[in-house]
Amino acid sequence: MELDVKYNPSAVEDKWYAYWLDNKFFHSEPDGRKPYSVVIPPPNVTGILHMGHMLNQTLNDVLVRKARMDGYNACWVPGTDHASIATENKVVKMLEEKGIKKADLTREQFLEYAWEWKEKYGGIILQQLRKLGASCDWDRTRFTMEPALSEAVINTFVYFYKKGLIYKGVRMVNWDPDRCTAVSDEEVVHKDTKSHFYHLRYYISDGNGKPTDKFLVIATTRPETIMADAAICVNPADERHHWLRGKKVLIPLINREIPVIEDDYVEMDFGTGCLKVTPAHDVHDYEIGMRHNLPILDIIDEHGRLNEQAQILVGEDRFVARKKIVKMLEEAGNLVKVEEYISPVGYSEKSDAVIEPRLSAQWFLKMDKLAADALETVESGRTKLIPDKYRNTYRHWMETVRDWCISRQLWWGQQIPAYYLPDGRIVVEATPEKALEEARKLVPGLKAEDLKRDEDVLDTWFSSWLWPISVFDPEMPGNPGHKPNADLAYYYPTSDLVTGPDILFFWVARMIMAGEEFMGREPFANVYLTGIVRDKLGRKMSKSLGNSPDPLELIAKYGADAVRIGMLLCSSAGNDIFYDESQIEQGRNFCNKIWNSFRLIKGWTVDASLEQSEVNKVAVKWFSNKLSQVVETVEDHYSKYRISDALMTIYKFFWDDYCAWYLELVKPAYGAALDKETYDNTLEFFSALLKLIHPVMPFITEELWHALEPRKEGSTIMYEHTPEVKAYDKAFIDAFELAKEAAGSVRSVRQQKGISPKEPLKLVVKGAFPVELLPVVKKLANVSDVDFRDNLNNLSGVGFMVGTIEMFVLLEGLVNAEEEIAKLEAALEYQKRFLDSVRKKLSNANFTAHAPEAVVAGERKKEADSLSKIASYESQLKQLKNN
RNA sequence: GGGAGCAUAGCUCAGUUGGUUUAGAGCAUCUGCCUUACAAGCAGAGGGUCGGCGGUUCGACUCCGUCUGCUCCCACCA
């Protein structure tokens with residue numbers, strides 16, 4: 001078989017992915033094995049794969065594949081999220097391009113377009129995930145708006161409504177004027193924004209609506225809202241303003257009279273100490289208004305424009321109005337001064353529009369009990385957050401969370417199952433038929449067309465918070481008539497959840513709430529929170545910055561395995577990832593290394609009659625011991641979710657120990673054959689390595705596992721078992737390190753003296769170097785001869801130390817005595833200083849008295865070793881100087 | 001404004017209850033090699049007063065305080 005010098009991933013990857021699918025290797029059904037289940041954080045149905053997904057899905061796939069090889073019944077449920085705002089935006093945009101306005105469509109027509117769009121573009125992202133090698137059970141693919149899951153959402157709404165936890169109320173909500181919908185507190189991003197602080201003069205009224213010459217000054221950032229002012233408020237303790245008590249003032253420009261009131265809320269040392277109270281357009285003002293029974297005057301419409309109530313600037317956008325009114329105020333003589341001002345302003349996470357606090361009727365879910373339960377889940381450790389630092393933020397959020405505004409003024413989503421009777425009363429039922437039935441109990445003879453269904457849909461998170469339950473059982477426990485479900489019983493709670501910390505509250509916390517509410521227990525055992533993928537400059541990868549590479553192009557260029565390695569190499573949990581293409585190159589190089597090691601092995605001929613040589617014996621002995629030690633380390637890393645450490649351990653083990661040391665040791669001379677025993681062991685080691693690597697690099701390992709020996713149809717490395725940890729001889733492994741060090745030192749001497757690796761060298765040894773390991777030094781350092789002696793006097797060459805063993809490379813005529821003396825003196829100097837520091841410790845009575853015995857013994861050993869090294873350096877120096 | 005976290009080689013990071021670490025890895029760098037598995041490679045080498053200062057301790061990268069710098073989260077836009 002002729003193998004290419006370079007590994008070619010594209011030819012291999014599609015083949016094996018199709019093979020895995022054909023054989024249903026990713027599919028899981030409940031059985032006698034222990035389950036390992038994960039649900040995908042459902043990406044937006046209209047989304048495309050970005051680097052953040054790559055990182056998450058790679059980590060997820062590593063965990064799933066590892067669990068599968070550990071004998072678990074692994075089930076990874078994929079799916080997408082209908083993402084109401086994001087998707088509706090895209091559909092609206094698409095329609096606009098066709099010249100169609102949403103306003104001209106009925107709800108049904110719009111939804112038809114939306115579904116069409118979803119069928120066409122939705123799920124591209126799931127196709128992309130396949131390219132990465134994700135071992136999802138595609139037969140279980142779910143969509144949050146598929147009929148069954150929508151039903152689950154509706155049932156959940158009914159459930160909470162009947163439990164009294166859902167209510168409708170007029171509240172100040174975060175209004176996104178771009179999208180014309182309310183958004184939740186969590187969807188508001190506060191950004192420091194440059195604005196102005198306008199100081200405005202309000203004249204005191206003479207009691208008949210006419211201005212006197214007295215006035216007060218307020219400071220505001222929103223002069224366009226003065227027409228909605230209901231009062232001016234001062235702090236009762238503020239003596240500067242006591243003269244205003246009982247007075248009325250006139251709103252500039254429109255001359256409407258409003259009272260001066262007093263409330264502790266106002267801070268005396270901020271602004272002028274006078275606050276204009278605008279209950280309809282500010283959350284605090286609203287609260288003050290409630291306390292003081294102030295009228296509410298709403299002057300801004302749903303698009304953020306001034307309405308008729310404003311009297312002036314009607315129809316103007318709020319920001320345009322702001323500019324215009326400032327000019328008007330200036331001309332009217334009401335503008336005292338303008339200050340530059342930076343203040344935090346809320347923006348809609350989805351549209352980036354400035355949030356308008358707006359009073360509107362919305363549906364809310366009471367959070368106190370749900371949040372308390374979900375907090376306990378994490379506090380008790382039933383769900384672990386990895387890394388642990390997120391527990392603090394989680395706690396803080398759970399303790400301060402407010403009721404969840406769950407209604408959205410959109411069409412794409414689950415429509416709220418609330419029905420209004422003509423008299424305004426509400427019935428909430430899962431179906432229109434049921435609703436009518438209930439309504440008739442209130443108003444006999446009511447007709448279907450008399451019932452009006454609420455226009456709003458539910459927040460997307462109100463569907464995705466059910467995900468770990470609904471993907472297994474859309475009928476949802478908790479609903480009347482719910483029957484036990486085998487999948488749910490088997491797979492719930494899921495094992496690990498891999499997701500970004502940015503949706504810890506949006507999604508993770510709420511899934512925990514739903515889990516506790518409906519299942520009575522946590523939805524997952526561990527939540528692994530990844531970092532944010534950033535570019536080399538530390539900027540978050542984003543479409544607008546254009547700094548995010550296309551993952552599919554990367555896969556095409558380097559191969560999926562390489563990309564996976566690149567993502568994993570630098571991804572300790574919770575730390576941000578600084579993405580750099582060179583990491584993916586490193587992954588590609590690793591693929592190539594694996595590939596070429598296979599070419600080497602495959603090229604060997606075997607002679608069954610050959611005896612196993614000493615060097616091969618020791619190589620096999622060492623590697624089999626080392627393998628167990630490494631597997632143990634890797635398992636430990638995995639158990640702590642230190643995926644990049646696990647990968648690095650495997651990487652070094654393969655590259656350094658297997659390729660650079662083991663294969664070089666057993667490699668037969670050119671044209672020579674290898675003994676069968678060593679060959680079999682070598683293949684066995686290779687096979688074990690492939691299994692160890694498979695979770696991180698699924699494609700190349702499957703390819704080579706099949707190339708290694710003929711496999712039965714339908715077999716796969718995916719279901720091979722992770723290599724076992726057998727008892728290993730640590731002392732022997734450590735001793736082998738001495739041999740490596742010796743070989744390295746000899747090579748170093750060659751480098752310094754410019755001696756070709758092909759020229760054999762002679763070595764003299766003083767000390768207890770294990771004879772068993774001599775062949776290792778001989779072969780890898782090209783040493784023809786090793787001579788043990790009691791002293792190294794009168795030799796010509798270069799000496800070095802391996803531990804406390806002295807070694808000497810015999811070299812005639814190549815030695816520069818001065819150079820050697822200088823080197824030895826430097827080494828001696830270092831050693832003497834080291835000895836000093838050790839002795840300082842040992843001579844300290846406090847140290848010997850307080851430190852544990854083992855530590856003291858360690859220091860004594862250091863002292864002894866150091867003394868022996870010093871002695872040997874000194875004797876070598878003496879030699880050199882005498883000659 | 002409140003809270004959390006981070007700061008270790010040029011870069012990205014380890015360093016697990018303070019003691020065989022006058023600190024390790026990978027990448028990058030430098031030197032020598034086209035040695036018939038791999039130049040996407042091989043061999044060798046250099047590189048850090050562990051952010052500053054102070055304290056606790058026989059002993060501090062590790063614990064405490066403080067300062068500086070960065071990041072993130074939360075927060076009602078007078």
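Both backbone and side-chain heavy atoms feed into the values below; hydrogens, waters and symmetry mates do not. Labels below follow one simple rule: chain letters A, B, ... track the order of the sequence lines, proteins then strands, and each chain is numbered from 1.
For A:His850, the listed nucleotide lying nearest its side chain is B:rC58; candidates were B:rC58, B:rA40, B:rA25. Of the candidate nucleotides B:rA37, B:rG19, B:rC73, B:rA37 has the atom lying nearest to any side-chain atom of A:Glu664. Counting only heavy atoms from C-beta on, A:Ser597 has its side chain closest to B:rA37 among B:rA37, B:rG19, B:rG26. Comparing B:rA14, B:rU16, B:rA37 by their nearest atom to the side chain of A:Asp645 picks out B:rA14. Of the candidates B:rC27, B:rC77, B:rA37, the closest approach to any side-chain atom of A:His190 belongs to B:rC77. The side chain of A:Asn844 lies closest to B:rC58 when the candidates are B:rA14, B:rC58, B:rU31. Distance from the side chain of A:Met648 is smallest to B:rG26 among B:rC73, B:rC38, B:rG26. Listed nucleotides: B:rC73, B:rG19, B:rC42. Nearest to the side chain of A:Thr393: B:rC73.
Within the 4.0 Å cut-off from OP1 or OP2 of B:rG41, at least one side-chain nitrogen or oxygen of A:Asn589 is found. Listed pair A:Tyr670 / B:rU35 fails the phosphate criterion, with no side-chain N or O lying under 4.0 Å from OP1 or OP2.
Across all strands shown, B:rA40 forms no Watson-Crick or G-U wobble pair with both key distances under 3.5 Å. When both pairing distances are held under 3.5 Å, B:rG69 makes a Watson-Crick or G-U pair with B:rC6. Pair assignment for B:rU29 gives B:rA45, based on Watson-Crick or G-U wobble hydrogen-bonding distances that are each under 3.5 Å.
The ring of A:Tyr662 has its center closer than 6.0 angstrom to the ring center of A:Phe685.
Partner A:Lys276 forms a side chain to side chain contact (heavy atoms under 4.5 Å, CB included) with one of A:Thr225, A:Ile258, A:Val249 and no other, that one being A:Thr225.
Summary of the strand contacts: A:Glu267 and A:Glu585 both lie near RNA chain B, and taking for each the nucleotide with the nearest heavy atom, the more 5' one is attributed to A:Glu585. Nearest-nucleotide assignment on RNA chain B puts the 5′-proximal partner with A:Arg642, out of A:Ala660 and A:Arg642.
The residue A:Thr221 sits close to a base: some heavy atom pair falls under 4.0 Å. Counting any heavy atom pair closer than 4.0 Å across all strands shown, A:Ala851 reaches a base atom. Base engagement by A:Lys593 is indicated by at least one non-hydrogen atom pair under 4.0 Å involving a base atom. The residue A:Asn392 sits close only to the backbone: its heavy atoms come under 4.0 Å of sugar-phosphate atoms, none of a base. The residue A:Lys667 sits close to a base: some heavy atom pair falls under 4.0 Å. A:Trp655 comes within 4.0 angstrom of the backbone, heavy atoms only, and of no base. Among the atoms of the strands shown, only primed sugar atoms or phosphate atoms (P, OP1, OP2) are found under 4.0 Å from some heavy atom of A:Arg402.
Side-chain contact check for A:Asn596 versus A:Tyr7: every heavy-atom pair is 4.5 Å or farther apart.
One P atom belongs to B:rU29, the other to B:rG65, and the distance between them is 42 Å to the nearest Å. Using atom C1' as the reference point in both B:rA7 and B:rA14, the two lie 15 Å apart (nearest Å). Only the P atoms considered, B:rU31 is 34 Å distant from B:rG15, to the nearest whole Å. Look at the C1' atom in both B:rU71 and B:rG51: the space between them is 15 Å, to the nearest Å.
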Item to check | Derivation of the side chain to side chain contact (heavy atoms under 4.5 Å, CB included) call for A:Ile232 and A:Leu275 | outcome: CA-CA 6 Å; A:Ile232 297 295; A:Leu275 169 71; over 6 Å; no

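Taking only distance into account, the side chain of A:Arg747 never meets the base of B:rA43 through a donor-acceptor pair shorter than 3.5 Å. Side-chain atoms of A:Glu859 stay outside donor-acceptor range of the base of B:rU20, with no qualifying N/O pair under 3.5 Å.
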